[in-house]
Engineer: 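The structure under discussion is supplied below as structure tokens; questions concerning it will follow.
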2 protein chains.
Amino acid sequence: MTIVEPKPGPDKIRLLRDCLIFRSLDEAARQELAARAYFKRYAAKEPIFQMGSPGQSMMAIAAGVVRITAPMESGREIILADLPAGEVFGEVAMLDGKERSAAATALTNCELLVLERRDVVALIRHDADAALRLLELLCARLRRSEERMTEIAFLEVPARLARTLIRAAADAAERSRVQPVKLSLAQGELARMIGSSRENVNRCLKEWQRHGLIDLKDGWLIVLDPQGLEAHANR
Amino acid sequence: MTIVEPKPGPDKIRLLRDCLIFRSLDEAARQELAARAYFKRYAAKEPIFQMGSPGQSMMAIAAGVVRITAPMESGREIILADLPAGEVFGEVAMLDGKERSAAATALTNCELLVLERRDVVALIRHDADAALRLLELLCARLRRSEERMTEIAFLEVPARLARTLIRAAADAAERSRVQPVKLSLAQGELARMIGSSRENVNRCLKEWQRHGLIDLKDGWLIVLDPQGLEAHANR
């Protein structure tokens with residue numbers, strides 16, 4: 001991890017403008033927040049923070065992808081999210097002052113803008129719209145978490161896997177127009193996303209490949225028939 | 001459901017003072033919010049709102065217990081929480097303006113204080129501490145939801161059941177000093193709390209009864225040996 005020398009402001013201001021939760025800030029508030037924020041760089045696979053560690057800051061992703069996981073005592077883990085540039089993370093411990101509720105790791109090389117609790121709290125006090133955006137962010141996280149919990153509780157592995165692929169394909173389609181959508185997700189990663197085993201995921205993907213719903217090629221998972229996956233998602 | 005005639009203010013103000021998220025309000029803000037809030041009464045088993053319905057208000061529980069559930073398309077459901085007096089619910093849809101993310105039902109007769117979105121937003125704009133309390137509430141909900149998700153994904157039924165009983169016993173012990181703790185939880189309810197079947201829960205409870213960890217008597221589930229349950233929780 002490298003703490004980067006303070007850069008000229010425009011980079012930071014542009015990043016804050018691209019972040020949904022800071023988009024509503026007026027220019028003065030954005031400049032003030034940017035002046036107090038600093039960049040950190042992480043190499044691919046480098047841990048950013050551990051679950052259970054103290055956390056007084058949140059991070060906005062300037063470049064790269066950050067993986068959020070919840071490890072269990074048993075050493076197994078569930079992948080909660082892979083967050084691209086423009087997203088933020090670490091807001092829970094920053095806001096409630098407790099331990100980190102999950103672990104964060106740089107999935108690729110990453111550049112992060114770090115915002116300290118005192119500066120975000122000052123912003124909330126100054127700008128109610130920022131508080132409302134943060135509240136909406138947490139509402140979205142909570143909706144997503146409860147949806148996944150009921151999926152894991154009630155759906156069989158194929159339906160959970162189909163839903164995860166449909167969501168990942170929709171996210172990828174937002175970022176690029178290339179069709180068909182190619183996903184860079186290993187079978188072990190998919191297993192950790194749906195709370196199942198690599199073997200179960202492999203069995204399911206092989207069957208869908210035989211039926212022409214997906215293809216597995218050169219390490220890519222290619223979504224050929226999203227409607228066909230939809231049918232499995234609702235079983 | 002009955003909408004109750006505006007009552008003299010003190011009841012509402014006292015309830016807001018007992019609610020963790022409104023405790024930090026100054027007296028003027030509390031009086032203003034109380035003046036705009038109104039009581040609704042529900043009979044036991046009456047639905048308060050359905051998942052997917054529009055929701056422009058949140059509720060503070062003045063009396064009774066409210067059950068929050070997430071129903072699946074299949075008709076099965078998971079019990080997310082049983083909330084006693086002093087707790088609030090319905091804040092997610094109120095804050096993000098989307099559909100209700102879960103269903104709420106009166107588990108007992110209930111009296112609720114209803115707070116409309118426009119009044120809560122006005123409060124957030126007026127009082128940054130209220131915004132911070134709401135942010136902390138959502139952080140707590142998110143931590144709880146992710147903890148349950150990883151439990152459902154990785155733990156077997158006995159460990160999930162033991163953790164649920166330990167938490168329910170700790171909550172009950174906070175409200176009453178009677179020992180041993182007696183829980184009024186049917187086996188079907190426990191199954192819907194841990195995302196399993198009544199049969200699995202029954203098999204597990206019978207075994208724990210034989211080993212003296214719990215007793216099942218007159219519809220009560222009596223926790224005799226919390227330490228013994230602890231051992232099952234960590235398997």
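Each chain gets a letter, A, B and so on, in the order its sequence line appears, and its residues count up from 1.
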Engineer: Hey, which of B:Leu138, B:Leu95, B:Ile124, B:Leu135 has the most heavy atom pairs under 4.5 Å with chain A?
Structural biologist: B:Leu135
Engineer: Pair B:Glu189, B:Arg67 - check salt bridge (charged side-chain N to carboxylate O under 4.0 Å, His left out), show working.
Structural biologist: CA-CA 11 Å; B:Glu189 288 177 299; B:Arg67 172 161 289 179; 2.6 Å; yes
Engineer: Please look at B:Leu80 and chain A and tell me whether the side chain, the backbone, both or neither of the residue comes under 4.5 angstrom of a heavy atom of that chain.
Structural biologist: side chain
Engineer: So which of B:Glu77, B:Met149, B:Glu146, B:Arg143 has the biggest tally of heavy-atom pairs under 4.5 Å with chain A?
Structural biologist: B:Arg143
Engineer: With a 4.5 Å cut-off on heavy-atom pairs, point out which of B:Ser145, B:Gly195, B:Ser196 contacts chain A the most.
Structural biologist: B:Ser145
Engineer: Can you say whether B:Leu132 sits under 4.5 Å from chain A via the side chain, the backbone, both, or neither, judging by heavy atoms?
Structural biologist: side chain
Engineer: Show your reasoning for whether side-chain contact (heavy atoms from CB on, under 4.5 Å) applies to A:Ile194 and A:Arg163.
Structural biologist: CA-CA 9 Å; A:Ile194 66 169; A:Arg163 286 179 189 219; over 6 Å; no
Engineer: Does B:Glu151 come within less than 4.0 Å of B:Arg167, counting only side-chain N to carboxylate O?
Structural biologist: yes
Engineer: Determine whether more than 12 heavy atoms belonging to other residues, nucleotides or ligands lie under 6.0 Å from atom CD of A:Glu32.
Structural biologist: no
Engineer: Chain A heavy atoms under 4.5 Å from B:Glu147: which part of the residue, side chain, backbone, both or neither?
Structural biologist: neither
Engineer: Is chain A contacted by the side chain of B:Arg125, its backbone, both, or neither, given a heavy-atom distance below 4.5 Å?
Structural biologist: both
Engineer: Taking atom CD of B:Glu46 as the centre, does the number of heavy atoms from other residues, nucleotides or ligands within less than 6.0 Å exceed 12?
Structural biologist: yes
Engineer: If you measure from CH2 on A:Trp208 to CZ on A:Arg203, what distance do you get to the nearest 0.5 Å?
Structural biologist: 13.0 Å
Engineer: With a 4.5 Å cut-off on heavy-atom pairs, point out which of A:Ile78, A:Val121, A:Asp127 contacts chain B the most.
Structural biologist: A:Ile78
Engineer: On the six-membered ring of B:Phe154, is A:Arg76 placed so that its NZ or CZ lies under 6.0 angstrom from the centre and within 45° of the ring axis?
Structural biologist: no
Engineer: Sort out for me which of A:Arg148, A:Arg144, A:His126 touches chain B most, counting heavy-atom pairs under 4.5 Å.
Structural biologist: A:Arg148
